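Here is the structure we will look at, set down as structure tokens.
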Amino acid sequence: MKKSTGNLLKGLIFISPWIIGFLIFQVYPIYKSVYYSFCEYDVLNPPIFIGMDNYKNLFHDDIFLKSIVSTAIYTVMAIPLSMIVSLFFAILLNQKIFGRGVFRTIYFLPSLVPMVALAILWKWMFNGENGILNYILGLFGISGPNWLGSTMWATPSIVLTGIWGVGGSIVIYLAALQDVPRSLYEAAEIDGAGWFLRVRHITIPMISPVIYFNLILGIIGCLQVFAVPYIMTAGGPARSTYYYTMYLFDNAFSFLKMGYAGAMAVLLFIIIVAITIITTKLTASRIYYAEK
Amino acid sequence: MKHISIILVLALSLGIIAGCSKSAPDSTKGRVVVSYWEKWSGFELEAVKNLADKFNNSQDEIYVDVLSVSEIERKLLIAIAGNDPPDIANMQDSGIPQFADKNAIEPLDDLMPIINVKQEDYIDIYWKLCRYENKLYGLPIAATTIALHWNKDIFKHAGLAPNTPPQTLEQLDDIAARLMVKKDNGSYEMLGFVPTQPGWWNYAWVWWFGGDWYDGKNITANCPENVAAFNWIQSYAQIYGARALQNFTSGFGAFSWSDDRFMSGKLAMVLQGIWMSRFIEKFSPQLNWSAAAFPSSGGKLKDVTMAECNMLIVPKGAKHKKEAAKFIGFMQRPENLEYLAMKHNKFVPLKIADEMDYSQHPNKEIKLFIRLSQSPNAHSVPRIPIWQEYAHEIDNAFQSVWLQKKTPQQALDEVQKRIEIKWQEYCDLKQRRLERR
């Protein structure tokens, strides 16, 4: 046995737990869900092949169409807000101030809270009668809505809850911000640029690849939002927070329509790929990659 | 050296897989281990475990291993599909049509000689709930009904006769209006009644109007009685203001016992189940309450209720069917059902429930709940496999009506339209399956 082949074999064996896991738990389920999307399949009985019927039915399913609209509304609200908030805090946390490390930790901490705990916590804060949010509003003489019980406020409430978990993207922004050369700021300062102009013309262009990265990840995350609304509102009231993945989940595990759910999953994948490509095309001219 | 490291890696990965295999406790040596998935936890689980111990000690051939499993129906589904189910599971009656239709549970008819029980001994509705399309799929271990619970102190305080519950739904509405106390800021300090509490049975209200969701053949979501019921529901939102009421009942989130308005004395009347007394005892022992049949519209229908039961089933693919049947038979013995009923504050699903001695029973209204279970107006959810979807749709209609986004007629017409399509799809699929066989 030649040494290089031996090394290759050893290497493969060492990474085999990962490869086997990937094949069994990722590739095989993906293949199966694509296959089942062409079947009538209830998990307990053998699948019956029905061709494109599941896909055709999706477009006559008004709950499905409504779930797309709600998910789109959620995404359009959540993405800009979370991007602005995380970038804003990243810039603040990048200033040379006393106790910077402590502040960075504080802003990152909420993203360590598990989704379920976070959802339950916020559910109490949004409580119409005893919630702290309405208590604080009450101090200013405002009678707050029943956040999660109103079709108008339920989605904004869930968006707000999501903002709490921006710690992850703050860290990514912070890393990027530290790579921006000081000399550029100094040059701009000499030219008389103020804080806002420096952010606008140096910081943002310099970290644009990271903004793009966070945008793409944010879109993917929003289109798949599940745990928080599932716990906070269970899709209600009157399906105002019944997002795509929740309907998918119900079809798969409550109604046992695994084939239909598979078709939804495949379609969601196509939607995400399409949006990612479009976003990449639209932002291509605005992203600056430093020369290597 | 090279080979040793390869062997080590292989051994490690195999070890991980081997670690997943099952191992039985020592006390089960030489016995058939019957695995039993139980949906209950806490004191309810404790009572079941005591009975399993009694069974295990009574013989030395079978050992029943009780495991408490949350979200049991979802996990059962996966276990059955993966062909590694438990031998016995506790399932809610409403799950039977869906599982039976998908051929996921074993009919017990062939095992009846081992289980050794007679249909005549059971209260009709519970026996019916165990059956689907002429086959028996389970046997009940806990029976429940629901009734109006009212707070006698609040009645007395408002000058109402504390021992006289409303006899008609209209009387209930009047009393509710009298008991309502508004705060300065427009929200409610106290309410007489509100149909969103506890919020578990949005579909149930139609029964008090003589309506139902399925007539044995067709979907009847928008029948006039159902529309009348939803009109009544909406009238609460209109009279009291949906927004203020919503704040009072904290939206449509999950129910929590610690936040229960009836027990904290802020809600005078509520539709609750036989288990309520147990929670009152625990969270609010000083509450001066009583229970009666929830009144129907115009008082025309007597003793309307919803009957539910938990039953032991044998999942498809169970390895030890006969042994499971033996344990089910043991659990069905009157003395064991009675033990469970006493511990759970419920009653036995047997006709002898009438004659039993309840002087020691922890629920002082136990006789009412037994009477309700034998009423001709005792209902259950429709026995159709698409009920999960149907209930989902009804909840949505309920919320739209409550928030006054739609009229009851509109909302129920939509339910009718959607579920009729699903029902047709289901019937077609069933036909296709029959043709394949």
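Just so we're clear, the structure is a prediction, and the values are computed from it rather than from any experiment. So you know, we letter chains A, B, ... as the sequences are listed, proteins then strands, and number each from 1.
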Interface moiety of A/I20 toward chain B, non-hydrogen atoms closer than 4.5 Å: neither
Structural part of B/K102 lying under 4.5 Å from a heavy atom of chain A: both
Contact check, side chains of A/D62 and B/R418, non-hydrogen atoms, under 4.5 Å: yes
Can you list the residues that meet the ring-ring contact (aromatic ring centres under 6.0 Å, His included) rule with A/Y243, with sequence neighbours excluded? A/Y74
Which region of B/K422, side chain (C-beta onward) or backbone (N, CA, C, O), has a non-hydrogen atom less than 4.5 Å from a non-hydrogen atom of chain A, or is it both or neither? side chain
Taking atom CD1 of A/I132 as the centre, report whether more than 12 heavy atoms of other residues, nucleotides or ligands fall under 6.0 Å from it. no
Can you check whether anything in residues 66-73 of chain A gets within less than 4.5 Å of chain B, heavy-atom wise, and list it by number? none
Residues at least two apart in sequence or cross-chain that pass ring-ring contact (aromatic ring centres under 6.0 Å, His included) with A/F126, listed by chain then number, are A/W122, A/W147
Flag yes if more than 12 heavy atoms outside A/Y28 fall under 6.0 Å of its OH atom; otherwise flag no. no
A/I48 and B/L429, any side-chain heavy atoms less than 4.5 Å apart: yes
Residues, nucleotides or ligands: over 12 heavy atoms within 6.0 Å of B/K135 NZ: no
Which of residues 254-262 of chain A get closer than 4.5 angstrom to chain B, counting heavy atoms alone? A/S254, A/F255, A/L256, A/K257
Under 4.5 Å between any side-chain heavy atoms of A/E40 and B/D428, yes or no? no
Determine, for B/E393 against A/R239, whether the closest basic-nitrogen to carboxylate-oxygen distance falls under 4.0 angstrom. yes
What closest approach, in Å, do B/L403 and A/G149 show between heavy atoms, and which atom pair accounts for it? CD2-O, 3.7 Å
Please examine the side chains of B/H392 and A/I63, heavy atoms only from C-beta on, and report whether any two atoms are closer than 4.5 Å. no
Tell me, yes or no, whether the heavy-atom count around B/K316 atom NZ, taken from other residues, nucleotides or ligands under 6.0 Å, exceeds 12. yes
Rounding to 0.5 Å, atoms OH (A/Y242) and CG (B/N396) come to a distance of 9.0 Å
Distance from B/N103 atom CG to A/L44 atom CG, nearest 0.5 Å? 8.5 Å
Please say whether more than 12 non-hydrogen atoms of neighbouring residues, nucleotides or ligands are located less than 6.0 Å from CH2 in B/W37. yes
